[in-house]
Asker: 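Pasting in a structure now, in structure tokens, and then I'll have a few things to ask.
Since the model is a prediction, treat every value here as computed from it, not as a measurement. Heavy atoms only: backbone and side chains are in, while hydrogens, waters and symmetry mates are out. Proteins get letters first, then strands, A, B, ... in listed order; numbering begins at 1 in each.
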2 protein chains.
Amino acid sequence: MNINEVAKAAGLPAKTIRYYEEIGLIRPLRGGNGYRAFRESDMHKLSFIARARGLGFSIEECRKLLALYDDKGRASADVKALAEGHLVQIAEKIRELRAMEATLQGLVHACAGDHRPDCPILTGLADAGDACCA
Amino acid sequence: MNINEVAKAAGLPAKTIRYYEEIGLIRPLRGGNGYRAFRESDMHKLSFIARARGLGFSIEECRKLLALYDDKGRASADVKALAEGHLVQIAEKIRELRAMEATLQGLVHACAGDHRPDCPILTGLADAGDACCA
DNA sequence: GATAAGGGTTCCAGTCACGGGAAGGTCAAG
DNA sequence: CTTGACCTTCCCGTGACTGGAACCCTTATC
């Protein structure tokens, strides 16, 4: 399979696939013409990576997941630990975003949003902790 | 004021402040020795930026907010529009993260996490849409 | 055989918002 | 006069790509 075929199949841009090869996530073969020749196993790995990335795993986490995937003697506990660590990161990000959202919603709610210049959002940013109400 | 003073006062690393000058967010004066000389107004802007960044605004959004802050004839509607646009982005990110969290939690929940190699997390990533249950 | 379209390849630069660290000038104290 | 803390600029690195240039390969058509 050529790169655009796998790209469509895995739902990844060809550029991204070349990048994944460059950093050693996959190692497709090469044809006599210099083209990358992807095997089924390469395709599976790419789909695997695409889904892991879709769940927010970093490239390095994907690398570890792929290693575990390849290691038939792995302990599922190792995989679970990785996933749970990532879940903690996700939860943390959500908390941060919700805090931002709450603060900003408070400011937005206090703002008339008309032609006048008085703006609690700006004063809130300028004065900190004040003019906010969330 | 020298850079480390404002850094402490604004809660930003000195490196970041130099970067903000480089991209034109602030324009501190210079002393005869070449040192940056920050006025009160520079400090206020830095605090303003620090808070806006803390609410997740991008640098370019901060630039716009600063311009509105400086423009005494602004309409608060413009500020509100900017903030509301950002709120939409935040909400979107939260939705994405919650979706990831739900999917991953389903996989993690299904995984025994012991010494055995069988792992629904890995098969879930490999097979897509299967072995998941969230 | 020429040519054009549509693959593929490499390499280089840019993104965003900084951070690390080197090499060197400046300032206040002892 | 030296020490050490501060300041300066400059350049490289981060993560995970993306865009584009310049060039090679294949296939079909004229």
Asker: Extract, from 5' to 3' on DNA chain D, the first and final nucleotides lying under 4.0 angstrom from some heavy atom of chain B.
Answerer: D:dC6 to D:dC10
Asker: Could B:E92 and B:R95 be called an ion pair, given the rule that one side-chain N must be under 4.0 Å from one carboxylate O?
Answerer: yes
Asker: Going by heavy atoms closer than 4.0 Å, what residues in residues 6-15 of chain B are next to DNA chain D?
Answerer: B:K15
Asker: Test your reading of the model: is there a side-chain donor-acceptor pair from B:S47 to the backbone of B:A10, 3.5 Å cut-off?
Answerer: no
Asker: For the helix from C:dG1-D:dC30 to C:dG30-D:dC1, what is the angle between the axes at its two ends, each from 5 pairs, rounded to 10°?
Answerer: 40°
Asker: I need the full list of salt bridge (Lys or Arg N to Asp or Glu O under 4.0 Å) pairs touching residues 68-89 of chain A, with sequence neighbours left out, sorted by first then second residue.
Answerer: A:K45-A:D70
Asker: Under 3.5 Å, side chain of B:R63 to main-chain N/O of B:A67, donor-acceptor pair present?
Answerer: no
Asker: Near DNA chain D, which residues from residues 16-24 of chain A have a heavy atom under 4.0 Å away?
Answerer: A:T16, A:Y19, A:Y20
Asker: Does this structure show an ion pair linking A:E21 with A:R36, if we count only N-O contacts that are shorter than 4.0 Å?
Answerer: yes
Asker: Taking only heavy atoms on the protein side, list every residue of residues 59-69 of chain B lying under 4.0 Å from any atom of DNA chain C, sorted numerically.
Answerer: B:I59
Asker: Apply side chain to side chain contact (heavy atoms under 4.5 Å, CB included) to B:D118 and list each qualifying residue two or more places apart in sequence or on a separate chain.
Answerer: B:R116
Asker: Shoot me the first and last contacting nucleotide of DNA chain C against chain B, ordered 5' to 3', at under 4.0 angstrom to non-hydrogen atoms.
Answerer: C:dA17 to C:dC27
Asker: Using the test side chain to side chain contact (heavy atoms under 4.5 Å, CB included), find all partners of A:S58 that sit at least two apart in sequence or belong to another chain.
Answerer: A:E60, A:E61
Asker: Tell me, please, which residues at least two apart from A:A50 pass side chain to side chain contact (heavy atoms under 4.5 Å, CB included).
Answerer: A:L12
Asker: Please list all pairs passing the ring-ring contact (aromatic ring centres under 6.0 Å, His included) test where one or both residues lie in residues 18-54 of chain A, with sequence neighbours left out.
Answerer: A:F48-A:Y69
Asker: Does any residue of residues 32-42 of chain A have a heavy atom under 4.0 Å from DNA chain D, and if so, which ones, in number order?
Answerer: A:N33, A:Y35
